[in-house]
Each structure stands twice: as C-alpha cells, then as structure tokens.
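Hydrogens, waters and symmetry mates are skipped; everything else that's a heavy atom, side chains included, is used.
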Amino acid sequence: MNTIDTKFNSMLKKNKFKTAILITYSLASLLLISVLIIGTKLSIPFEKFTGDPALNSNSNPFVGVISNLGVLLWCCTASICIFSGVFILNIYKKHAAFLIFSGIFTAILMFDDLFMFHDYGIYLIIPFDFAQNIVLISYMIFSLFYIIRFYKTILLENYFILGTAFFFLGLSIFIDMLFESGGLEYFIEDGLKFLGIVSWMLFFNTTSYKYLKKSLN
C-alpha cells in the first residue's frame, strides 16, 4: 500500500494536481455557461439540457437501458485506460502510449454512442446517409491504423478478446446496414453491439490491471 501511495502522490505532484483541479472546474463551468447561453438564445427550456431524458420524454425509465449501460462501459474503459496509461508513462512508455491511445479511441466511441453522431450529430450539415457512411468509414480507417500501430502489443495480451470485440461490433454494423431496424433484427443488432462493448471493456481493463500491477512490483 505504501508503494502505491508513494507512486500516486508522486504522479499527482508531477502533473500539477492543483492545475488539474482548476482546469476540471473551469471546463465544467464553461459547459454550464454554454448550456445557459444556448438555451436562452434558442428558447430551449433548461430542463431539456439538464433533466433526466425519461422524465423529459415521459417514457419508461428502462427505455434504452442496454444502450445506457453500453455508454457506461465505454466510459469505464476509457477512464481506466487513460488513468493507467498516465500512471505508467515514465515506466513503460510503449504500453502507456497503447493505453492512452486506446482510452482516447474508446472515448470517441462513447461520445458517438451517447450523442448519436453517426446517426444525427452532423445531419444538419451533411445529408444523413452520406454522413453515416463518412463516420463508419472513418472508424474503419481509424481501427485499421490502430491495429497496425499497436499489433505487436496486442499480440502479447489476450488478443482473442479484442478480436471478439471487433467481431461483435462489426457484425452489429453489418446487420444495421443490411436489415431494417425493428423487432428481432433490432434486438440482435444491439445485442451484438453490447457484447462487443463488454468484450472491449474486458480486454482493456484486464490489460490495464496487468500493466499497473507490473509497474508496482
């Protein structure tokens, strides 16, 4: 425990913890001010921004439960990857780069899933079908770059779990493009996506744990 405390305190000191606190509260305040300005300018009730979606839409609180859990798993994985990467940055730079990059990639997927960028996020600028294709192609290119850049590191871990994640997520996208969304097809599509997210979380959380444990020995 003393070793963990020493390393953690050293990391906080080195990364200027007070500055991190200031930046965190500044960004949070900026977000709230932005919502206040946007709501006022566009005459959007503030509760639409801050309230619970189920209450705002008068829907059952279980609506979207699997999707919401998926977002939480994305967030959990991104946080653990970035924290672990920063923690071991001065010890295992190669592994740290892998975790930090993976955390950023995961965060992008999380925000896309949460705000539905691939469905509606840029439809005001680009036609829907074209916008969706751009996002999907971008993810394919990004994933290919990611695998090429870190394949040596991935092969040293339980790579079959990450392969399973890509398989489930890819199959979910394929079904989404091939079939109409509705009924059993919708359940299968989102079920595969959820299994992909679970696999993604399992791979990166266990890998992060391995690197953290190794750095503390």
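Considering every non-hydrogen atom in both Leu212 and Phe87, the closest pair reads CD2-CD2, 3.5 Å. In terms of heavy-atom proximity, Phe49 sits nearest to Gly39 at CE1-CA, 3.8 Å. Heavy atoms only, all atoms of each residue included: Leu36 and Thr40 are closest at O-OG1, 2.7 Å. Closest heavy-atom contact between Ile154 and Phe203: CG2-CZ, 4.5 Å. Across all non-hydrogen atoms, the minimal contact from Ser172 to Leu192 is CB-CB, 4.1 Å. Closest non-hydrogen pair, Phe46 versus Val35, comes out as CE2-O, 4.2 Å.
Under the ring pair (Phe, Tyr, Trp, His ring centres under 6.0 Å) criterion, Phe150 pairs with Phe98, Phe101, Tyr146, sequence neighbours left out. Residues satisfying the side-chain contact (heavy atoms from CB on, under 4.5 Å) test with Lys48, not counting sequence neighbours, are Ile44, Pro45, Asn56. Taking Leu73 as the reference, Phe194, Ile197, Val198, Met201 meet the side-chain contact (heavy atoms from CB on, under 4.5 Å) condition, with sequence neighbours excluded.
Put simply, Leu162 and Phe160 are part of the same group of oily side chains (I, L, V, M, F, W, Y) that touch within less than 4.5 Å, one to the next. Under a hydrophobic clustering in which Ile, Leu, Val, Met, Phe, Trp and Tyr are joined whenever their side-chain heavy atoms come within less than 4.5 Å, directly or via other members, Leu99 and Ile80 fall into different clusters. The hydrophobic cluster containing Phe142 also contains Phe204, counting ILVMFWY residues as joined when their side-chain heavy atoms lie under 4.5 angstrom apart, directly or transitively. One hydrophobic cluster, built from ILVMFWY side chains closer than 4.5 Å, holds both Ile66 and Phe115. No continuous path of ILVMFWY side-chain contacts below 4.5 Å connects Ile148 to Ile137, so the two sit in separate hydrophobic clusters.
Atoms OG and CG, on Ser67 and Leu72 in that order, are 9.5 Å from each other to the nearest 0.5 Å. One distance of note links CG of Leu169 with CG of Leu109; it measures 8.0 Å at 0.5 Å rounding. Rounded to the nearest 0.5 angstrom, Ile104 CD1 and Ile108 CD1 are separated by 7.5 Å. Note that the OG1 atom of Thr153 and the NE2 atom of His95 stand 6.5 Å from one another [nearest 0.5 Å]. To the nearest 0.5 Å, the span separating CD1 on Ile33 from CD1 on Ile38 amounts to 12.0 Å. We find the CG-CG distance between Asp113 and Asn68 to be 9.5 Å, quoted to the nearest 0.5 Å.
For Phe105 and Trp74, the ring centers are positioned 6.0 Å apart or more. The aromatic ring centres of Tyr211 and Tyr92 sit 6.0 Å or more apart.
A cation-pi arrangement is absent between Lys193 and Phe168, since the terminal nitrogen or guanidinium carbon is not both under 6.0 Å from the aromatic centre and inside a 45° cone about the axis.
Taking a 6.0 Å sphere around CZ of Phe174, one finds it holds 12 or fewer heavy atoms contributed by other residues, nucleotides or ligands. With a 6.0 Å radius and a threshold of 12 heavy atoms from other residues, nucleotides or ligands, Tyr151 has its OH atom at or below the threshold.
Under a 3.5 Å cut-off, the side chain of Ser215 and the backbone N or O of Ile88 do not form any donor-acceptor pair. With hydrogens and angles ignored, the 3.5 Å screen pairs no side-chain donor or acceptor of Ser84 with any backbone N or O of Cys81.
Within the 4.5 Å cutoff, the side chain of Ser208 has no heavy atoms near those of the Thr77 side chain. Counting heavy atoms from C-beta on, the side chains of Trp200 and Ile161 never come closer than 4.5 Å. The closest side-chain heavy-atom distance from Leu144 to Ile147 is not below 4.5 Å.
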